[in-house]
Amino acid sequence: MTPTPLHGLYAITPDTALPLATLIEQVSATIAGGARLIQYRDKTHGRDERRRRASALLAGCRAAGALLIINDDLDLAVALGTDGVHLGRDDPDPRTARERLGASAIIGVSCYDQLAPAETAAAAGASYVAFGSFFPSPTKPNAARPNLSLLTEARRRLALPLVAIGGITSHNGGSLIAAGADMLAVVTGVFDQPDITAAARAYTDLFLSGDPL
Ligand SMILES: Cc1ncc(COP(=O)(O)OP(=O)(O)O)c(N)n1
Ligand SMILES: Cc1ncsc1CCOP(=O)(O)O
Ligand SMILES: [Mg+2]
């Protein structure tokens, strides 16, 4: 079963100075493991290098039938025509993103440990909302730390797909799905593993069984 775009593993690229060729191989390995939604998140490089990397990743994702979301940089998402953008509190407004990217774009919004920004984002036309960090995150150790009840309440209150992020492994991910998460957004648990394809498959398999726990 090919997961729908807003369901399953959401692989987020590591903030790395690795050569672009290596990053492309790693993303390809996540897709081989069943990831169909990829996010390019880069806090390291300047605008020109980010554009070079995003353009190459977009070509690879399109060839492999995966979708590419750009983190933070709405101008880059618009310039390249990526499948969408992910926005946080310091990034452009989702309403502006929807106006610039169009009706079919995927627009994700960070909501940290709060329900109110998720309701605001839904009203502004977001495609999904993300909560986390649910577990200690190697990538973002200082992130806000909601408990699982936030997912359950968001599931009750919101009609759009819910993303969980932060310290997610194939062992704790099932608890997030059971609490209401439609997607598991993962950096370290996929990209920092010796076999990236197998690591990705361990997450995508969580969504196939009726009982993720
Ligand atoms: C799905 C998803 N959730 C959260 C983030 C965090 O993005 P980041 O740019 O590190 O922080 P904020 O701008 O959201 O505060 C993400 N990239 N993807
Ligand atoms: C970007 C972001 N936002 C909250 S936690 C996080 C990082 C998730 O990375 P990891 O899967 O390595 O914990
Ligand atoms: Mg951001």
Between R98 and S127, a side-chain donor and acceptor under 3.5 Å: yes
Is there a donor-acceptor contact under 3.5 Å linking the side chains of Y40 and D42?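 Present: a donor and an acceptor within the cut-off.
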Look at the side-chain heavy atoms of Ile, Leu, Val, Met, Phe, Trp and Tyr, link any pair under 4.5 Å apart, and say whether [X] and [Y] land in one connected group.
X    : Y    : answer
L160 : I107 : no
V190 : I177 : yes
V85  : M183 : no

Between R51 and D73, is there a side-chain N and carboxylate O pair less than 4.0 Å apart?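 No salt bridge links R51 with D73.
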Between D75 and R47, is there a salt bridge with N-O shorter than 4.0 Å?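 Salt bridge: no.
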As an exercise, state the distance from [atom1] of [X] to [atom2] of [Y], rounded to the nearest 0.5 Å.
X    : Y    : atom1 : atom2 : answer
Y112 : L150 : OH    : CG    : 13.5 Å
L68  : L80  : CG    : CG    : 8.5 Å
I196 : I31  : CD1   : CD1   : 11.5 Å
Q39  : L67  : CD    : CG    : 12.5 Å
S110 : R89  : OG    : CZ    : 8.5 Å
L9   : L206 : CG    : CG    : 9.5 Å

For a side-chain contact (heavy atoms from CB on, under 4.5 Å) check, start with the C-alpha distance between L148 and S175, then their side-chain angles and the critical distance, and finish with the verdict. CA-CA 8 Å; L148 293 189; S175 64; 4.1 Å; yes
Is there a side-chain contact between [X] and [Y] in this structure, where contact means two heavy atoms from C-beta onward sitting under 4.5 Å apart?
X    : Y    : answer
I24  : T22  : no
L115 : L158 : yes
V109 : C111 : yes
I165 : V186 : no
Q114 : P146 : no

Just by modelled atom types, is the [Y] backbone N or O under 3.5 Å from a matching donor or acceptor in the [X] side chain?
X    : Y    : result
Q193 : T188 : yes
T152 : A179 : yes
D182 : L162 : yes
T139 : V187 : no
R155 : P161 : no
D15  : T44  : yes
R50  : H45  : yes
N172 : T169 : yes
T82  : V78  : no
R41  : N71  : no

Quick one: salt bridge (charged side-chain N to carboxylate O under 4.0 Å, His left out) pairs with a partner in [range], sequence neighbours left out?
range            : result
residues 164-180 : none
residues 104-119 : E119-R157
residues 57-71   : R62-D83

What pair of heavy atoms forms the shortest contact from [X] to [Y], and how long is it?
X    : Y    : answer
A54  : L76  : CB-CD2, 3.9 Å
C61  : V27  : SG-CG1, 4.3 Å
A185 : I168 : O-CD1, 3.7 Å
I38  : Y10  : C-CE1, 4.1 Å
A66  : A35  : CB-O, 4.4 Å
F191 : P14  : CG-CD, 3.4 Å

Can E49 and R53 be said to form a salt bridge (charged side-chain N to carboxylate O under 4.0 Å, His left out), step by step? CA-CA 6 Å; E49 178 61 11; R53 288 175 173 242; 2.7 Å; yes
Mind telling me whether H7 and F207 have parallel, tilted or perpendicular rings, with 30° and 60° as the class edges?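 The arrangement is perpendicular - the two ring planes meet at more than 60°.
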Dump the intermediate steps for side-chain contact (heavy atoms from CB on, under 4.5 Å) on H86 and I12, then the final yes or no. CA-CA 11 Å; H86 183 87; I12 300 183; over 6 Å; no
One pair to check against side-chain contact (heavy atoms from CB on, under 4.5 Å): F131 and L151. What are the steps and the verdict? CA-CA 8 Å; F131 297 104; L151 274 175; 4.2 Å; yes
side-chain contact (heavy atoms from CB on, under 4.5 Å) between V163 and V129: does it pass, once the steps are laid out? CA-CA 6 Å; V163 176; V129 289; over 6 Å; no
